[in-house]
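Comments concern the structure below.
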Amino acid sequence: MVQRRVPNKLVHRLSSRTVQSEINLSDTLNRLRLRDYRFLGDVMQIHDPSSVLKIAEAWGESQTVWARREAVRYFEKCEPALGHELIVRRLINRAVSRQEIDVLAAAAVYTDHACRRSVNWKRFMIGVSWRRLQRPGRQRLRLPDARRWRNYASISQSRWLQIGELFSLPTRRHLQRTLWRAIRGIAKDDKEQISATGDSDRYVRCVSKLLRHTPEATISNHGSLLSAWCLMKTSFGLHPDLNWSSDRVVPKPGLTLGDLVEGLPGCFYQELWRREQGVVELERIMVEAKTDLVRAWARRMMAILR
């Protein structure tokens with residue numbers, strides 16, 4: 001492994017961010033308490049581990065609806081910020097424990113986007129050993145071996161702060177499965193509540209938001225699509241041509257995207273989609289979804305449910 005010295009401008013930028021995060025910590029916590037719209041912008045600029053820990057604890061313990069909305073905005077940015085592992089974990093744990101469907105949907109889109117193959121192709125497709133970026137303020141970052149990556153010189157080193165991994169691949173898969181279990185638990189609660197009171201639509205609203213907000217970059221190729229665990233589970237969890245294991249999904253040989261959509265969708269809890277609110281959410285997906293695959297899935301579901 002070759003270590004290369006980071007340019008002085010980048011080192012100065014990292015050290016200044018650390019000092020700035022220490023200065024703005026008290027102001028950021030006050031903005032969380034006062035529900036100031038500048039809170040999220042300050043959070044995205046803080047990378048110091050101790051400051052991030054205090055923000056994560058305060059944000060996770062907040063009981064306000066405004067804090068929940070800010071969590072949705074944080075995940076909808078889909079921008080991994082260096083050192084924000086604690087914030088992501090606390091917000092996901094908060095959403096799972098309180099069954100906040102809007103935060104769960106946004107977090108599912110975030111984790112699927114973070115696991116897309118276009119971000120990690122250097123490590124998982126070429127086999128380059130990828131090291132975790134060190135904490136801000138230090139003068140060295142671990143970079144891949146330039147001899148094994150020919151176009152290394154064409155990419156600026158500041159770009160590493162944008163595409164660096166927040167979590168390892170097993171941790172990201174764990175977060176995806178945690179979110180899917182929470183969404184599945186909401187569906188089971190809906191079925192019980194429907195049998196008791198006759199009305200509940202939290203599952204279809206949660207999945208609808210997940211599908212409508214999934215960006216095209218998340219499923220830009222077959223590898224990225226198969227890595228989007230929450231999207232695949234909610235849309236094709238029971239598809240006969242997909243083999244599911246504990247950590248991945250393997251399509252049968254010769255399966256194409258057309259076969260995946262034109263066949264039976266094989267999604268979970270179709271009885272919930274047949275209800276009135278489920279049909280309404282499918283119509284919203286057909287109109288508002290950002291990806292052609294999701295829109296085609298919604299059209300196929302409407303045709304089957306009719």
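Atoms considered below: every heavy atom in the structure, side chains included; atoms not considered: hydrogens, waters and symmetry mates.
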_Contacts of type salt bridge (Lys or Arg N to Asp or Glu O under 4.0 Å), residue Arg89, not counting sequence neighbours_ = none
*Taking only residues two or more places apart in sequence or in another chain, which ones pass side-chain contact (heavy atoms from CB on, under 4.5 Å) with Lys191?*
Tyr269, Glu271, Leu272
*Are Arg202 and Gln193 close enough that a side-chain donor and a side-chain acceptor fall under 3.5 Å?*
no
*Please name the pair of heavy atoms, one in Ala67 and one in Ser62, separated by the smallest distance, quoted to 0.1 Å.*
CB-OG, 3.3 Å
_Once side-chain contact (heavy atoms from CB on, under 4.5 Å) is applied, do any residues pair with Ile285, and if so which ones, sequence neighbours excluded?_
Ser208, Leu211, Arg212, Trp273, Leu282, Ala289, Val294, Trp297, Ala298
_Non-hydrogen atoms of Lys290 and Pro215 that approach each other most closely_ = CD-CA, 4.4 Å
*Do the charged groups of Glu100 and Arg94 touch, with an N to O distance under 4.0 Å?*
yes
*Taking side-chain contact (heavy atoms from CB on, under 4.5 Å) as the test, write out the residues that go with Leu226, two or more places apart.*
Met232, Val249, Pro251
*Listed partners of Arg90 passing salt bridge (Lys or Arg N to Asp or Glu O under 4.0 Å), at least two apart*: none
*Spell out, as yes or no, whether a donor-acceptor pair under 3.5 Å connects the side chain of Thr214 to the backbone of Leu210.*
yes
*What closest approach, in Å, do Gly41 and Gln45 show between heavy atoms, and which atom pair accounts for it?*
O-CG, 3.5 Å
*Does Phe268 have its ring centroid less than 6.0 Å away from the ring centroid of Trp180?*
yes
*Mind checking what makes side-chain hydrogen bond (donor to acceptor under 3.5 Å, both in side chains) contact with Arg274, not counting sequence neighbours?*
none
_Using the side-chain hydrogen bond (donor to acceptor under 3.5 Å, both in side chains) criterion, which residues pair with His84? Sequence neighbours excluded._
Tyr74
*Please list, chain by chain and in numerical order, all residues satisfying side-chain hydrogen bond (donor to acceptor under 3.5 Å, both in side chains) with Arg98, sequence neighbours excluded.*
none
*Are the side chain of Asp190 and the backbone N or O of Tyr203 linked by a donor-acceptor pair below 3.5 Å?*
yes
*Check: Trp229 main-chain N/O paired with Arg173 side-chain donor or acceptor under 3.5 Å*: no
_Pair listing, salt bridge (charged side-chain N to carboxylate O under 4.0 Å, His left out) test, anchored in residues 63-72, at least two apart_ = Arg68-Asp102, Glu70-Arg73
_Charged tip of Lys233 within 45° of Trp244 ring normal and under 6.0 Å_ = yes
*Any chance you could measure Leu231, atom CG, to Ser224, atom OG, to the nearest 0.5 Å?*
11.5 Å
_Those residues that, when tested against Lys252, pass side-chain contact (heavy atoms from CB on, under 4.5 Å) (two or more places apart)_ = Asp241, Asn243
*Arg295: salt bridge (Lys or Arg N to Asp or Glu O under 4.0 Å) partners, not counting sequence neighbours*: Asp292
*Going by the ring-ring contact (aromatic ring centres under 6.0 Å, His included) test, which pairs reach into residues 274-293, not counting sequence neighbours?*
none
